[in-house]
Amino acid sequence: MEILGPRGTRDILPEESYLWQKVETILHQVAQQYGFSEVRLPVFEHTELFERGVGDTTDIVQKEMYTFTDRGQRSITLRPEGTAPSVRSFIEHKFYNKAQPTKWYYMGPMFRYDRPQAGRFRQFHQFGVEAFGTSDPDIDAEVIAILVRIVKTMGISQFQLHLNSVGCPDCRPLYRERLIQYLTPFESDLCADCIQRFHKNPLRILDCKSPKCQLAVKGHPVLSDYLCDRCGQHFEQVKSTLNLYGIDYELDPQLVRGLDYYTKTAFELLLPDLGAQAAIGGGGRYDGLIEECGGPPTPGIGFAIGLERLLSAAQKQNSKAWQAKSYSPIDVFVVAAEDEFIPDACVMLEGIRNSGIKADKDYLNRSLKAQMKFAGKTGARWVVVIGEEEKTSGYYILRDMKLHEQHQIPADQIVDEIKSIMVKPEEEQYAE
Ligand code: AMP
């Protein structure tokens, strides 16, 4: 019986994985331009970390975690997100004792038991950044600038940045109270989830996607009217630094994170053309989270972006740079016209590879004609042919499959000839 991959997972095959490598290169480069360093953390953690770090009233913790008991009777969860593990690691390795801020980024698979649909998977990938140890509003703007730079570098030009401030434990309780007062007449009209979170996490009702809840919150009091002076000033500074960076944003009073450890800045990047799954990434400040997870009071801010959605947006908006079909695993295919020239082909092949060029040869004892046909299938730009005449003269045939022309070149000049025509990967342009 054939065994298929589990529901909600997908295989990233070679014709696509090279695009992922291009995305990953951009992510490493952009994060490092902003002084962030990579952390590589385990894909599973103690369940309690997510209960505390993500929040036990969230959908992630209540419905979506891959939790199991391991052979040592510990409750283990496949990570559904990267912030809580980053915070755990920051505390465990006592990074709070070092000079601050600590600027980290991560990328890798995340796991959520969600209903799979277009753009939503059970194993998906996120890239995220976390800046610990400073409450300077300029770092909020910097983190947002990274998100914007990533999408722009990929050639995504149509997007909206939504921005809000969710206040802090000083100013939010009053707002919470007002919101509960406002929503009380609509309580029974809300969706089942929101009825449940009505008293525990009422702010989340604001960003609930259910039409019933959207109707109920119309005309709701706005949090920015309730911000304390500190939060108000912080928000102004974030906005003015974003203006300095030339980053456009839309204020969105419904953009919230309901839990106490989320503070001040919240943001989300939306794409008009991704349909139901419009959010490509989002984040915010979480000045209470590190303490919640057992560390000393330390401010923090970060975001996460979904790589499946990032790539599919790039493919829609900048299809020339991101289409999968232009992929070829090799640049050069070396053909031995007869078996006796296979050793010469091997020497040529290794010589080409030594110079950093991707090359291959036949391994199925194909005829000359079949080798040429196979070389065409690999998508190699060049074919080197070595036969009786070439061996004797020392001039090998170099065929350019793209221009459909061929020349005889001294064997020791083949590599230089290819190099002079080749586009180096670093010269490739992603953005249009
Ligand atoms: P979140 O951690 O829920 O704020 O999600 C951040 C980003 O991760 C989203 O905007 C998506 O791009 C991506 N994402 C979250 N959940 C999924 C999923 N189940 N499948 C694919 N991408 C996801």
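None of the values given here were measured: they were computed from a predicted structure. Every number for a ligand or one of its atoms is a count from 1 in the order of the listing.
Atom 8 (O) of ligand 1 has as its closest protein heavy atom Q126 NE2, 2.9 Å. For atom 22 (N) of ligand 1, the closest heavy atom belonging to the protein is F124 CD1, 3.5 Å. Among all protein heavy atoms, the one lying closest to atom 10 (O) of ligand 1 is A279 O, 3.0 Å. Scanning the protein heavy atoms around atom 21 (C) of ligand 1, the nearest turns out to be G119 O, 3.2 Å. Counting protein heavy atoms only, atom 13 (C) of ligand 1 is closest to G306 CA, 3.6 Å. When hydrogens are left out, the protein atom nearest atom 11 (C) of ligand 1 is R309 NH1, 3.2 Å; that is the closest non-hydrogen contact. Atom 2 (O) of ligand 1 has its closest protein heavy atom at R112 NH2, 2.8 Å. Protein heavy atom closest to atom 19 (N) of ligand 1, with residue, atom name and distance, is F121 O, 2.8 Å.
Aromatic ring orientation, F127 versus F303: tilted (interplanar angle from 30° to 60°). F90 and F132 have tilted rings, their planes meeting at an angle from 30° to 60° on a 0 to 90° scale. Classification of the F186-Y182 ring pair by plane angle, with boundaries at 30° and 60°, yields tilted.
Among the atoms of I280, some N or O lies under 3.5 angstrom from an N or O of ligand 1. Inclusion of R120 in the set of residues having an N or O under 3.5 Å from an N or O of ligand 1 is not warranted. Ligand 1 has no nitrogen or oxygen under 3.5 angstrom from a nitrogen or oxygen of E81. Between I60 and ligand 1, not a single N/O pair is under 3.5 Å apart. Between I305 and ligand 1, no pair of N/O atoms sits closer than 3.5 Å.
Shown are R285, Q100, K264; of these, the side chain to side chain contact (heavy atoms under 4.5 Å, CB included) with P299 is made only by R285.
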**Request:** Check step by step if side-chain hydrogen bond (donor to acceptor under 3.5 Å, both in side chains) holds for W20 and E24.
**Result:** CA-CA 6 Å; W20 280 73; E24 285 156 11; over 6 Å; no

**Chi angles and distances behind the ring pair (Phe, Tyr, Trp, His ring centres under 6.0 Å) call for Y113, Y66** = CA-CA 6 Å; Y113 193 85; Y66 275 92; 5.6 Å; yes

**Message:** Let's go through F374 and F333 carefully: what are the C-alpha distance in whole Å and the side-chain angles of both, what is the deciding distance for ring pair (Phe, Tyr, Trp, His ring centres under 6.0 Å) to 0.1 Å, and is it a yes or a no?
**Reply:** CA-CA 9 Å; F374 179 71; F333 193 86; 5.7 Å; yes

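Separation of atoms NZ (K218) and SG (C213) is listed at 14.0 Å; rounding is to 0.5 Å.
Residue-ligand proximity, G281 to ligand 1, at heavy-atom distances under 4.0 Å covers atoms 10 (O). Residue A304 has at least one heavy-atom neighbour below 4.0 Å for each of these atoms of ligand 1: 6 (C).
Relative to the ring axis of Y226, R178 does not place its NZ or CZ within 45° and under 6.0 Å from the centre.
No side-chain donor-acceptor contact under 3.5 Å links T69 and S75.
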